[in-house]
Amino acid sequence: MRHPPPPPQPPAPAPTAARAVSPTGRTRTTPATDAALSRLRFGVASCANWEGGYFSAYRHLAARGDLDAFLFLGDYIYEYKTGEFCARGTVVRPHAPTHEIVTLADYRTRHGQYKTDDDLQDLHAKLPTIAIWDDHEFANDAWSGGAENHTPGTEGAWADRMAAAKQAYFEWMPVRPSIAGTTYRRLRYGKLADLHLMDQRSFRSQQAKTGSGAVDSADRTLTGRAQLDWLKAGLSASDTTWRLIGNEVMISPVAFLSLPDYLLRPLAKLLGLPGEGVAVNPDQWDGYTHDRRELLGHLKTNGITNTVFLTGDIHSAWAADVPNEAATYPLSGSVATEFVVTSVTSDNVDDLLKVAPQTVSLAAGTAIKAANPHVKWVDLDSHGYGVLDITPEQTQMDYYVLSDRTRKDATSSWSRSYRTRTGTQRIERANAPIA
């Protein structure tokens, strides 16, 4: 005997708080730990500066309808006073409060302002968000004891400012505080992928000074001892096909000394390097080589394959192999791969110079790749986002660029795609985005 179908259920009441009514959103839970997934797809973004333009990248991601989650890799808000860091020196829409944010009230107000963007609201309503912070959720080039633009004498104790920034972050962001009240944690997507999410600001040593040799010191750390041990243990224990690492700052080594001065200076301004030239960016893993050697050596020694670093921070797009020994690459081989996504709105090289795209970047990109053969591609000019597609056979990043970040109706177009095939630890170009 067939039973009649159950009667339709009335729609759930709209979420309310006081007299405010919130639109009804949706989410998607992670699958069972032993689920055999055929595909996983993330929207990926970083570096969304309110004053630099509109968040149309979020609108395009929300409209896709094929994403499992939105992965944000840091710099969700910016702490600067109005006019200090905007779009080619022009404020598209002013920050609130107008001064640099320092107190709990300041950080709360700034987070609240960003949440008024309707494209951001739509994205959060349609997709679960997986987020980590970087420096601008606190202050520029933040480390455990301070930041480049924090002055204790006039802005109070750094510990108080960081505590205020973290409290506001967890109040406003769809992120649960994790280990030690930070954002480092681990998510599992069936048997297909483990996603290890990092916090590379709370525990790091101060950035090394140019020429000091401190970048190689075992006394300095990017991750902190406990977090690095946690990551290594998680990578060793992982039984999934892929090991993804949500990574604030670039791990692939990049040397800049081979660049001529006219190319190095704009890159130095963007990356916070000394204008007279320097071999590495001390805010990235290049400035903490002991931690990097330990982590990459762990991958090699233990035969851990299919590790992919997913990175933001530097307002440019990159695709690279991660060599165990850069000086002897390609003979030394690659132990992982890295995809870096560009900024949603934050200034990049052509913006800082106020020149047409590719005026400087084509020559700079060619020189970077020549000096760093493990770097397969770099785009120093575009604004946009990525779509990461993971299957048992490969992981591919499709890079999309915006027509004009200063226009709310900006269009989006596919730029390039790169992939790594299972078992190879190598980047290769793909001819088309994943359908």
Side-chain angles (χ1 to χ4, degrees), residues 73-74 132-135 138 141-148 178-180 182-186 194-238 243-255 271-273 278-302 304 307-314 318 320-329 332-338 340 372 374 425:
L73 296 170
I132 54 177
W133 55 46
D134 193 23
D135 53 338
F138 308 105
D141 285 354
W143 57 286
S144 61
E148 177 271 333
S178 188
I179 301 168
T182 79
T183 55
Y184 82 83
R185 61 202 188 279
R186 186 176 296 115
D194 279 328
L195 175 58
H196 312 263
L197 299 157
M198 302 295 290
D199 176 358
Q200 294 164 356
R201 293 296 168 182
S202 295
F203 312 106
R204 73 155 70 196
S205 307
Q206 186 172 13
Q207 293 83 351
K209 294 182 179 179
T210 304
S212 66
V215 295
D216 296 323
S217 172
D219 296 328
R220 300 176 61 259
T221 181
L222 177 69
T223 63
R225 182 74 261 163
Q227 184 178 192
L228 187 57
D229 288 344
W230 166 87
L231 178 60
K232 289 165 57 182
L235 292 168
S236 292
S238 174
R243 280 146 288 283
L244 312 176
I245 299 175
N247 176 55
E248 287 99 318
V249 296
M250 194 169 177
I251 192 167
S252 302
V254 182
L271 299 172
L273 308 176
V278 67
V280 299
N281 179 352
D283 190 58
Q284 297 182 171
W285 286 81
D286 273 333
Y288 303 84
T289 60
H290 187 271
D291 276 6
R292 183 171 62 191
R293 280 196 305 271
E294 181 175 338
L295 177 57
L296 300 185
H298 180 75
L299 296 177
K300 184 175 182 179
T301 300
N302 292 279
I304 299 170
T307 303
V308 181
F309 290 87
L310 307 170
T311 308
D313 179 60
I314 51 176
W318 302 63
D321 294 343
V322 182
N324 187 44
E325 293 291 343
T328 56
Y329 177 90
S332 61
S334 176
V335 295
T337 53
E338 182 170 29
V340 183
N372 304 273
H374 56 281
Q425 286 67 250

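Scope of the values below: all heavy atoms of this structure, side chains included, with no hydrogens, waters or symmetry mates. What you see is a predicted model; the values in this text were computed from it and never measured.
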Side-chain heavy atoms of Q227 within contact of S202, under 4.5 Å | no

Side-chain contact test, heavy atoms from C-beta onward, threshold under 4.5 Å: evaluate it for V249 versus W285 and give yes or no.
-> yes

Got a donor-acceptor contact below 3.5 angstrom from the R292 side chain to the H290 backbone?
-> no

With H374 as reference, evaluate S252, S332, S334 under the side chain to side chain contact (heavy atoms under 4.5 Å, CB included) test and give the passing residue.
-> S252

When you check the gap from the basic side-chain N to the acidic O, do R220 and D291 get nearer than 4.0 Å?
-> no

Tell me, do N372 and P253 make a side-chain contact under 4.5 Å, heavy atoms counted?
-> no

Has K300 got more than 12 heavy atoms of other residues, nucleotides or ligands less than 6.0 Å from its NZ?
-> no

Checking side-chain hydrogen bond (donor to acceptor under 3.5 Å, both in side chains) for the pair D194/S238: CA distance, chi angles, key distance, verdict?
-> CA-CA 7 Å; D194 279 328; S238 174; 2.7 Å; yes

So, for G297 and N324, which heavy atoms are closest and what is the spacing to 0.1 Å?
-> N-OD1, 3.9 Å

side-chain contact (heavy atoms from CB on, under 4.5 Å) between D135 and D313: does it pass, once the steps are laid out?
-> CA-CA 9 Å; D135 53 338; D313 179 60; 4.3 Å; yes

What are the two closest non-hydrogen atoms of G234 and R186, and how far apart are they?
-> CA-NH2, 3.3 Å

Close side-chain approach of L310 and L244, heavy atoms under 4.5 Å = yes

Okay, side chain of T289, backbone of V215: is any donor-acceptor separation there less than 3.5 Å?
-> yes

Which atom names give the shortest non-hydrogen contact between F309 and A336, and what distance separates them?
-> CE1-CB, 3.7 Å

Distance (rounded to the nearest 0.5 Å) between D321 CG and Y329 OH | 3.5 Å

Looking only at heavy atoms, what is the nearest atom pair of L296 and V335, with distance?
-> CD2-CG2, 3.9 Å

How many angstroms lie between CE in M198 and OG1 in T223, if you round to the nearest 0.5 Å?
-> 5.5 Å

CD/Q284 to CD1/I314 distance, rounded to the nearest 0.5 angstrom?
-> 5.0 Å

Quick one: do I132 and Q200 satisfy side-chain contact (heavy atoms from CB on, under 4.5 Å)? Show the steps, please.
-> CA-CA 9 Å; I132 54 177; Q200 294 164 356; over 6 Å; no

Do any N or O atoms from the side chain of Y184 and from the backbone of L231 form a donor-acceptor pair under 3.5 angstrom?
-> no

Please test R204 against D141 for salt bridge (Lys or Arg N to Asp or Glu O under 4.0 Å), starting from the C-alpha separation and ending with a verdict.
-> CA-CA 11 Å; R204 73 155 70 196; D141 285 354; over 6 Å; no

Trace of the side-chain contact (heavy atoms from CB on, under 4.5 Å) decision for T182 with F203 | CA-CA 10 Å; T182 79; F203 312 106; 3.5 Å; yes

How close do R201 and Q207 get, heavy atom to heavy atom, and via which atoms?
-> NH1-NE2, 3.7 Å

Sub-4.5 Å side-chain heavy-atom contact between E294 and T221 = no

What distance separates D134 CG from D283 CG, expressed to the nearest 0.5 Å?
-> 7.0 Å

Would you check if W318 and E338 make a side-chain contact, meaning some heavy-atom pair closer than 4.5 Å?
-> no

Kindly indicate, with the supporting measurements, whether the criterion side-chain contact (heavy atoms from CB on, under 4.5 Å) is fulfilled by H196 and R243.
-> CA-CA 8 Å; H196 312 263; R243 280 146 288 283; 4.2 Å; yes

Closest heavy-atom pair and its distance - A142, A147 = CA-CB, 3.8 Å

Just wondering, do I251 and L295 contact through their side chains at under 4.5 Å, heavy atoms?
-> yes

Are any of the side-chain heavy atoms of E248 and D199 separated by less than 4.5 Å?
-> yes

